[in-house]
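Treat the numbers as computed from the prediction; the structure is a model and nothing was measured.
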Amino acid sequence: VFALIVFACLVGDGYTSRPEDPRLFCVFNHNEDACRYGIGIGVLAFLACIFFFMVDVYFPQISNTTDRKYLVLADLGFSGLWTFLWFIGFCFLTNQWSWTRAEDVYIGADSARAAITFSFFSIFSWGLLLTFAY
């Protein structure tokens with residue numbers, strides 16, 4: 001859910017334009033990479049959650065212990081990687097937001113703050129998933 005919120009905030013209000021210039025730019029200090037990073041890890045985290053949820057549903061039906069071991073290790077590795085990537089994303093978005101000038105953001109300040117907040121919450125939720133996989 002947190003990944004979906006980050007993704008939706010950045011897609012919905014993460015890009016804005018000036019009244020005199022019709023081109024869109026990212027609200028995070030005009031840094032397109034900040035918006036792309038947040039959207040990218042948000043979408044991939046959401047898709048991975050769906051995949052691992054389906055694995056958890058069908059896990060009791062998997063009789064091969066080797067396949068089970070590889071699925072659990074994949075969950076463990078992916079959760080660890082994504083915990084780290086959410087930490088990087090939180091630091092990156094926070095840094096870019098701190099350098100953003102207030103006059104550059106007409107609409108989207110609340111969405112930007114929400115993306116930062118839920119990327120912070122995602123660190124702990126993916127860390128919890130890492131603990132459960134362990």
Side-chain angles (χ1 to χ4, degrees):
V1 173
F2 295 155
L4 188 61
I5 292 171
V6 171
F7 165 70
C9 287
L10 292 177
V11 168
D13 286 333
Y15 292 93
T16 188
S17 64
R18 294 185 179 151
E20 66 274 357
D21 189 10
R23 292 180 298 152
L24 292 176
F25 60 89
C26 182
V27 295
F28 290 98
N29 196 26
H30 295 230
N31 188 348
E32 298 296 321
D33 292 333
C35 286
R36 287 185 196 129
Y37 186 84
I39 291 169
I41 62 171
V43 169
L44 291 176
F46 181 71
L47 294 175
C49 283
I50 292 171
F51 172 74
F52 284 117
F53 178 73
M54 296 306 292
V55 166
D56 287 343
V57 168
Y58 290 112
F59 195 77
Q61 298 173 355
I62 300 171
S63 61
N64 190 349
T65 57
T66 305
D67 291 342
R68 282 179 158 213
K69 180 178 93 171
Y70 288 138
L71 287 172
V72 170
L73 287 176
D75 189 10
L76 182 72
F78 190 84
S79 296
L81 175 67
W82 238 247
T83 303
F84 176 71
L85 290 178
W86 276 117
F87 175 73
I88 297 297
F90 168 73
C91 293
F92 185 40
L93 292 177
T94 304
N95 179 282
Q96 291 302 306
W97 185 247
S98 70
W99 287 100
T100 303
R101 296 181 300 167
E103 60 269 7
D104 287 341
V105 182
Y106 300 109
I107 299 173
D110 290 336
S111 291
R113 288 186 199 103
I116 291 170
T117 302
F118 283 100
S119 65
F120 179 73
F121 293 156
S122 294
I123 297 168
F124 297 106
S125 65
W126 281 94
L128 189 63
L129 290 173
L130 176 68
T131 304
F132 288 155
Y134 181 72

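- Between the side chain of E32 and the backbone N or O of C26 there is at least one donor-acceptor pair closer than 3.5 Å.
- With W82 as the partner, the side chain to side chain contact (heavy atoms under 4.5 Å, CB included) test is satisfied by one option alone out of L130, L129, L44: L44.
- Taking each heavy atom of V27 and D13 in turn, the nearest pair found is CG1-O, 3.9 Å.
- Distance check, rounded to the nearest 0.5 Å: CG of L71 to NZ of K69 gives 12.0 Å.
- Within 6.0 Å of the OH atom in Y70, the count of heavy atoms belonging to other residues, nucleotides or ligands does not exceed 12.
- Among all heavy-atom pairs drawn from D110 and R113, the shortest one is OD1-NH1, 3.1 Å.
- Between the OG atom of S119 and the CG atom of L93 there is a distance of 5.5 Å, given to the nearest 0.5 Å.
- A continuous path of Ile, Leu, Val, Met, Phe, Trp and Tyr side chains, each step under 4.5 Å between heavy atoms, connects L73 with Y134, placing both in one hydrophobic cluster.
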Side chain to side chain contact (heavy atoms under 4.5 Å, CB included) evaluation trace for T16 with L24: CA-CA 5 Å; T16 188; L24 292 176; 5.7 Å; no
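- Among all heavy-atom pairs drawn from W99 and N95, the shortest one is CD1-O, 3.0 Å.
- At a threshold of 4.5 Å between side-chain heavy atoms, the hydrophobic network of Ile, Leu, Val, Met, Phe, Trp and Tyr places F132 and F59 in two separate groups.
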Please test I123 against F84 for side chain to side chain contact (heavy atoms under 4.5 Å, CB included), starting from the C-alpha separation and ending with a verdict. CA-CA 7 Å; I123 297 168; F84 176 71; over 6 Å; no
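- Here the closest non-hydrogen pair linking Q96 and A34 is CG-CB, 4.1 Å.
- Between the CD1 atom of I5 and the OG atom of S122 there is a distance of 8.5 Å, given to the nearest 0.5 Å.
- Applying ring-ring contact (aromatic ring centres under 6.0 Å, His included) to F2 and the options F46, W126, F118, F124 leaves one that passes, F118.
- At distances below 3.5 Å, not a single donor-acceptor pair connects side-chain atoms of S79 with backbone N or O atoms of L76.
- At most 12 heavy atoms of other shown residues, nucleotides or ligands fall within 6.0 angstrom of atom CZ in F87.
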Would you check, one step at a time, whether the test side chain to side chain contact (heavy atoms under 4.5 Å, CB included) holds for Y58 with Q61? CA-CA 5 Å; Y58 290 112; Q61 298 173 355; 3.2 Å; yes
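- In terms of heavy-atom proximity, T83 sits nearest to G127 at OG1-N, 3.3 Å.
- If you chain together hydrophobic residues whose side chains sit under 4.5 Å apart, L81 and L47 fall into the same group.
- Judged by distance alone, the side chain of N29 and the main-chain N or O of N31 form no donor-acceptor pair under 3.5 Å.
- Ring to ring, Y15 and F25 are not that close: their centroids are 6.0 angstrom or more apart.
- Closest of all the heavy-atom pairs between G89 and Y37 is CA-CE2, 3.2 Å.
- Residues I116 and F120 have side chains not in contact (no heavy-atom distance under 4.5 Å, counting atoms from C-beta outward).
- For T94 (side chain) and C91 (main-chain N/O), no donor-acceptor pair under 3.5 Å exists by modelled atom type.
- Cluster annotation: L4 and F90 are assigned to the same hydrophobic cluster (Ile/Leu/Val/Met/Phe/Trp/Tyr, side-chain heavy-atom contacts under 4.5 Å, transitive).
- I88 and F121 fall within a single hydrophobic cluster, where Ile, Leu, Val, Met, Phe, Trp and Tyr are joined by side-chain heavy atoms under 4.5 Å apart, directly or via other members.
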